[in-house]
Amino acid sequence: MPENDKQGLSVVTCTAPVNIAVIKYWGKRDEDLILPINSSLSVTLHQDQLKTTTTVACSRNFQQDRIWLNGKEEDINNPRLQSCLQEIRRFSRKRRNTGDSTSDASSVSHKVHICSVNNFPTAAGLASSASGYACLVYTLSQLFGVESEQLSAVARQGSGSACRSLYGGFVQWKLGTQLDGKDSLAEQVESESYWPELRVLILVVSAEQKSVGSTSGMHTSVETSQLLKYRADVVVPSRMEEMIRVIRERDFPAFGELTMKDSNQFHAICLDTYPPIFYLNNMSHRIISLVHRYNQYYGETRVAYTFDAGPNAVIYTLQDHLPEFVQVVRHFFPPEVNGEEFVKGLTVCSADLSEELKRDINMEPTPKGIRYIISTKAGPGPCVVKDPNHHLLGADGLPKKSAISH
Amino acid sequence: MPENDKQGLSVVTCTAPVNIAVIKYWGKRDEDLILPINSSLSVTLHQDQLKTTTTVACSRNFQQDRIWLNGKEEDINNPRLQSCLQEIRRFSRKRRNTGDSTSDASSVSHKVHICSVNNFPTAAGLASSASGYACLVYTLSQLFGVESEQLSAVARQGSGSACRSLYGGFVQWKLGTQLDGKDSLAEQVESESYWPELRVLILVVSAEQKSVGSTSGMHTSVETSQLLKYRADVVVPSRMEEMIRVIRERDFPAFGELTMKDSNQFHAICLDTYPPIFYLNNMSHRIISLVHRYNQYYGETRVAYTFDAGPNAVIYTLQDHLPEFVQVVRHFFPPEVNGEEFVKGLTVCSADLSEELKRDINMEPTPKGIRYIISTKVCVHAMSTS
């Protein structure tokens, strides 16, 4: 429930996680409702390492809706933002009209001030639109008292993959069949505590040239790739079934192989687009090569990569293999001496590498190819922040000085 | 007819061209007969710039078959070589048995010495197996008197794309339907009306790490890529029709766009392979980017790229655009100062680039990214005998 004070200022702060798809979403069947051409499945990452924090304040004294992202005021008229605000308000009015509300009767018509920050740098190239929109929608729903079942649809209209950030653990976003998109929703497959041995590494690669944005990229793919329709209609449905099965069986080798294949197929579609889109760069290729050689050395899939619309690698592995693999990365991508901390997030034990392993992998080290690693794991869905000291907006409805990103 | 001398030594020398596919072959339905999963179409390049020369000598005095490639003796027991030799000898015997021969009755059972050279460096990464096998098979056929209609099948068994080097101009290698591969043959698409304005540039990129070989690469693709079957069964057949049509209409923008799309789809299949295969490197990506920006500047497809199983780019364009595009390449991939000749082959006139063009392309130059360029064109006559 939002805090209310004498000025009629209601404030709610929530946090929401990032998610990384293992079966990829790439392509819409409806650009307005943001309905995908295929289902997708993701792993929600732990908010201790990656999260968006959003404060929404609502007051009859506010003149207009306003939004600040990572310390900077942005244009509230962004169509995706407007979509979310309108939809949430619509659901809230519907609730009130059915007499189902316990929130402040007038708040939905009041203007809101929104302030949002990420605890990870934007320059890291980690897509923050999923966590950002999920957090916004969740926070607004807490403020206006909207039921959680409807949030999928609202978050989706902000950013497709945002609906998957509304749940923890392993989450699928179902394609849906209805034209109005009412059945294109996210749902949890298994919770974050289902597979506690699963660990995640984000290898942040040195930033190079700007990539093609996801929205326009996937649009061009739908328009021009002859292979994409086949992927969406034939390949993905069976991969979704398989992925759900291997997760439920906690079968890491199968999970890993399928994850790598779907990442590669996504990038294959990008290459089959006209003009072609290249998200994987030379460093990404080296990381892929390293993973395959490492797995080949052990004769099993111990480590798996997946790449989104950028060069950063997300590595899945089991905690038993984590120390050695991190050491392998450190060896073949030696970081800057006296640079920033190379491994951030969850602590990783040290490990020795055998000479045999290094020889067998047989790759030239690429100094400073990877800027740093974030070590994390699967985590929960969005939650409310109870402590009022963590609100990003002050009593005046403006960002507190501390609410700036790093 | 082979030269014959008193020692019973017959010698024939022939040359054969390189071909560059615009609709790609990648994947076999039969590994022994080398039958493809889809048809393919290529452009045969002019032998003045790129060719394989092969001499075959045959004598009753030779103890065994032997082969020298680019000056080095190689293993004659290479299965593909053996395939070609056996097939040619089989066809030759069949001809003799039907009483149709005018060649030396005993030569097919004699051993042969084969010597083959390319006029382009192997290090350039230009696939020489097509020109190599085409030349070998043609030379042997001249020696043993085998009809040309059967050469497709023999060349194909040496190296799939070799059958396309048996013809000039624009050549298709038909997929075929028979299990024995007898109808999986190459044939010329356009014989009389070729396209003299079409020009070809090979951008030889600085060599980096060794790529996955084609034979094993395409095998892994067939085994693991779920997209490949769809490409072969659905996409390629309609692209073959379209490609033949746009060549006949000499429609360069359509030809160029389809060529680029098929090159990209081939590399997409490589990425959809498990483990994934990367033939395009950073330099290839920059060249692709340059072509798209150049075409965008003019609002039409004036230049097209295609890449095979390696980082070298083959550029198709019309002769009117050649000088400016070569200058664009020189500007954005400045060669070594005092290095080797940057543009080899056919002469390219110089051209000035407008500041507006350079600004609009808006790419950082990549010094020495391209080692050199071979400028060539379409070859009308393929095989020849010296």
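Just so it is clear: chains get the letters A, B, ... in the order the sequence lines come, proteins before strands, and each one is counted from 1.
- Counting non-hydrogen atoms of other residues, nucleotides and ligands closer than 6.0 Å to CD of A/Gln296 gives a total of 12 or fewer.
- Put simply, the side chain of B/Pro276 reaches to within 4.5 Å of the side chain of A/His292, judged on heavy atoms.
- Distance check, rounded to the nearest 0.5 Å: CG of A/Leu280 to CG of B/Leu271 gives 6.0 Å.
- Rounding to the nearest 0.5 Å places CZ of A/Phe278 at 10.0 Å from CG of B/Asn282.
- Considering CG of A/Leu228 and CG of B/Leu227, their distance stands at 9.5 Å, rounded to 0.5 Å.
- By the 6.0 Å contact criterion, NZ on A/Lys174 is open, its count of non-hydrogen atoms from other residues, nucleotides or ligands being 12 or less.
- Looking only at side-chain heavy atoms (C-beta outward), A/Glu257 and B/Tyr274 come within less than 4.5 Å of each other.
- Within 6.0 Å of CD in B/Glu249 there are more than 12 heavy atoms belonging to other residues, nucleotides or ligands.
- Contact annotation for B/His267: both backbone and side-chain heavy atoms come within less than 4.5 Å of a heavy atom of chain A.
- Put simply, the residue from A/Gln265, A/Arg239, A/Lys261 that forms a side-chain hydrogen bond (donor to acceptor under 3.5 Å, both in side chains) with B/Gln226 is A/Arg239.
- Taking CD1 from A/Ile269 and CG from B/Asp272, the interatomic distance works out to 7.5 Å, rounded to the nearest 0.5 Å.
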